[in-house]
Amino acid sequence: MSNKWVGLLDCNNFFVSCERLFRPELEGKPVLVLSSNDGCVVARSQEVKDIGVPMGVPYFQIKDIIKNEGITAFSSHFALYRDVSRRVFSVMSEELGGIQQYSIDEAFFLLDCHPEEIASHLRKIIAKKVGIPVSIGLSQTRTRAKYANMLAKKAKGIKLLSEQEWSFLAPKIPLAQIWGVGGKMEIKYKNHNLLTAYDLMSADPQQVRTLFGLMGLRLRDELKGVPVSTGVKKSDTQHTILNSRSFKKPTEELAVLADAIAYHLRHAAASMRAKSLETRSIRVFIRPSRHSDFVLQGGSKEIVLTQYTRDTVELSRLAKRALEQVYRPRVPYKQAGVVLGNLRPVGVNQPDLFSLPKDKNSDRLMKVLDNINAGKEGKDLLTVGSRLKQSEWQAKSDNRSPAYTTKWSDILTVKSQ
DNA sequence: TCTGGGGTCCTAGGACCC
DNA sequence: TCTGGGGTCCTAGGACCC
């Protein structure tokens, strides 16, 4: 272990910052971003946090506050956020070499020396080249760096958390504030009298293993300063691609579900091909509302293929079959989705002894399909699988910002004088 | 009326085998 | 009246994250 520091760079209020990039007059003003369907709040500017709007609160509950406080609310616009994200990480990679992207707005990295100088340089160059404010936490493991990052947000954007300072803080840090400890685990730890980071660090490892499983043991190591995943390398390809959406209103009809599933399958498969991946398993799930009496009536069905595929037609057939197996009449479903799993990069060819030869025409057909649909985001002109006349399950986004960076027609025009 | 979507990793329990 | 035990593999679901 030659690397002394594990760093975590995190974009501040990322979605809000993305929207502000193209609406600079909103700097210093309260801004929030809603989830798709305009369902609930997923990003808040500092001003909105100060007003007291909580994360994840349903939109309909705060409509009055938004109006009274003069908050600007955006529908989420993922094409924009993904694009800005790509820019941030490409600057980071240029500066540091290897990074490990963790989410749309966070990445880990390793440093041997000069952590503060490098962190400060990173912040400046990202602000200059992309225009997004970021915070950086540095410590000995990813879990500690994550905590350092939280402190950085309250400080001036950078926090170096040394071994000494960690030892001093650990007895005062509630486990709930530690990365990886959610509501359920917090209660479980509490039940065994483990309340702080220090408590878990000093607990008996054998006991931790039996009571809290592998996750508990790893968390204990990370808190003690022993990194669990060896470093920050990894060229890891994605394991799953998921496509799902909640319905405008619940449905009990198989035909409507089939339409939604077919839609999600087309998009998941196209996204998979765009990433040059192929799949060997498909899962279909349908669920009632999380807030209804039917919560437990949902289900999922996975079909494992004998051979990798990228073919929308083949996958559509399987998706339909899986759906018919999980579907139950008289359940008000509120969400449907498709997961493609067991992904691998195309071209890693290990032909299966027992599988049939591949249909050569399939790849060509899919290419034609993808080309026709390319650039028509959300249009879905040429489709495979069921398609209802009126997609009654789809919802809309009312306050979406223009596609400043991903659609020619929405690019800003700069005028002199 | 209205409560997101896209990921990761782990584990309980059933099927199957000897 | 009695019903093995242990291993592996797979699936569905849970917990967590942003």
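Chain naming here is simple, since letters A, B, ... match the order of the sequence lines and numbering starts at 1 in each.
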Checklist entry - Atom NZ of A:K301 to atom P of C:dG13: distance rounded to whole Å? => result 11 Å
Next on the checklist: Please classify the nucleic acid contact of A:Q238 as base, sugar-phosphate, or nothing, using heavy-atom distances under 4.0 Å.
Outcome noted: sugar-phosphate
Checklist entry - With a non-hydrogen cut-off below 4.0 angstrom, is A:V304 in contact with a base, only sugar-phosphate, or nothing? => result sugar-phosphate
Checklist outcome for this item: B:dT8 -> Watson-Crick or G-U wobble partner, both distances under 3.5 Å, gives C:dA15
Checklist entry - Hey, does the side chain of A:S246 come within less than 4.0 Å of B:dG5's phosphate (OP1/OP2), counting only N and O? => result yes
Checklist entry - Should A:K63 be listed as having a side-chain N or O under 4.0 Å from OP1 or OP2 of B:dC2? => result no
Checklist outcome for this item: Per atom distances to the A:S244 side chain, the nearest of C:dC18, B:dG5, C:dG13 is B:dG5
Checklist outcome for this item: Closest of C:dA12, B:dC10, B:dT8 to the A:T240 side chain is B:dT8
Checklist entry - Charged N to carboxylate O under 4.0 angstrom, A:D83 versus A:R86? => result yes
Checklist entry - Whole Å only: how far is the CG atom of A:L340 from the P atom of B:dG6? => result 12 Å
Checklist entry - With centres under 5.5 Å and planes under 30° as the test, does A:H239 stack with B:dT8? => result no
Checklist entry - Counting any heavy atom closer than 4.0 Å, what does A:K146 reach on the DNA or RNA strands: base, sugar-phosphate only, or nothing? => result sugar-phosphate
Next on the checklist: Between B:dG14 and C:dG4, how many Å separate the two P atoms, rounded to a whole number?
Outcome noted: 16 Å
Next on the checklist: With a 4.0 Å limit, can you tell me whether A:S300 has a side-chain N or O closer than that to the phosphate oxygens OP1/OP2 of C:dG13?
Outcome noted: yes
Checklist entry - Reckon A:R245 has a side-chain N or O less than 4.0 Å from the OP1 or OP2 of B:dG5? => result yes
Checklist entry - Taking the side chain of A:R283 as its heavy atoms from C-beta onward, which of B:dG4, C:dC18, C:dT11 lies nearest to it? => result C:dT11
Next on the checklist: Could you tell me if A:R344 sits above the aromatic ring of A:Y308, with its cationic atom closer than 6.0 Å to the ring centre and no more than 45 degrees from the axis?
Outcome noted: yes
Item to check | Side-chain H-bond candidate by donor/acceptor type, A:T309 with A:E314, under 3.5 Å | outcome: yes
Checklist entry - Whole Å only: how far is the CG atom of A:N37 from the P atom of B:dG4? => result 7 Å
Checklist entry - Are A:K190 and A:E186 within salt-bridge range, i.e. N to O under 4.0 Å? => result yes
Checklist entry - Hey, does the side chain of A:Q335 come within less than 4.0 Å of B:dG4's phosphate (OP1/OP2), counting only N and O? => result no
Next on the checklist: Rounded to whole Å, how long is the line connecting atom NZ of A:K184 with atom P of B:dA12?
Outcome noted: 16 Å
Checklist entry - Any ion pair linking A:E165 and A:K159 (charged N to carboxylate O, less than 4.0 Å)? => result yes
Item to check | Whichever of A:G56 and A:F212 has its nearest DNA chain B nucleotide further upstream toward 5' | outcome: A:G56
Next on the checklist: Working note: A:E253 + A:T251, criterion side-chain hydrogen bond (donor to acceptor under 3.5 Å, both in side chains); need CA distance, chi angles, decisive distance, verdict.
Outcome noted: CA-CA 6 Å; A:E253 285 175 53; A:T251 182; 4.8 Å; no
Checklist entry - Between C:dC17, B:dG5, C:dA12, which one does the side chain of A:S36 approach most closely? => result B:dG5
Checklist entry - A:M272 has an atom CE; how far is it from atom C1' of B:dG6, in whole Å? => result 16 Å
Checklist outcome for this item: Side-chain atoms of A:L214 come closest, of C:dC18, B:dT3, B:dT11, to B:dT11
Next on the checklist: Any base atoms under 4.0 Å from A:G183, or only sugar-phosphate, or nothing? Heavy atoms, all strands.
Outcome noted: sugar-phosphate
Next on the checklist: What contact category does A:K249 fall into here, base, sugar-phosphate, or nothing, at under 4.0 angstrom with non-hydrogen atoms?
Outcome noted: nothing
Item to check | Interatomic distance, A:F247 CZ vs B:dG5 P [rounded to whole Å] | outcome: 10 Å
Next on the checklist: Taking any heavy-atom pair under 4.0 Å as a contact, classify A:I241: base, sugar-phosphate, or nothing.
Outcome noted: sugar-phosphate
Checklist entry - In whole Å, what is the span from the CZ atom of A:R328 to the P atom of C:dA12? => result 12 Å
Checklist entry - Which nucleotide sits closest to the side chain of A:V42: C:dA15, B:dG4, C:dC18? => result B:dG4
Checklist entry - Base, sugar-phosphate alone, or nothing: which one does A:I104 contact when heavy atoms must sit under 4.0 Å apart? => result nothing
Item to check | 5′-ward residue of the pair A:F15/A:Y102 relative to DNA chain B | outcome: A:F15
Item to check | Integer-rounded Å distance: B:dG7 C1' and A:W179 CH2 | outcome: 13 Å
Checklist outcome for this item: Closest to the side chain of A:R218, out of B:dG4, B:dC10, C:dC18, is B:dC10
Checklist entry - Would you say the side-chain atoms of A:K367 and A:N371 include a donor-acceptor pair closer than 3.5 Å? => result no
Next on the checklist: Can you check the distance between B:dC2 and C:dC18, where both ends of the measurement are the P atom (answer in whole Å)?
Outcome noted: 29 Å
Checklist entry - Cation over ring, A:R209 on A:F212, under 6.0 Å and within 45°? => result no
Checklist entry - Where the side chain of A:F60 is defined as all heavy atoms beyond and including C-beta, which of B:dG5, C:dC17, B:dT3 is the nearest nucleotide? => result B:dT3
Item to check | Sugar-phosphate only, base, or nothing, as touched by A:V339 at under 4.0 Å among non-hydrogen atoms | outcome: nothing
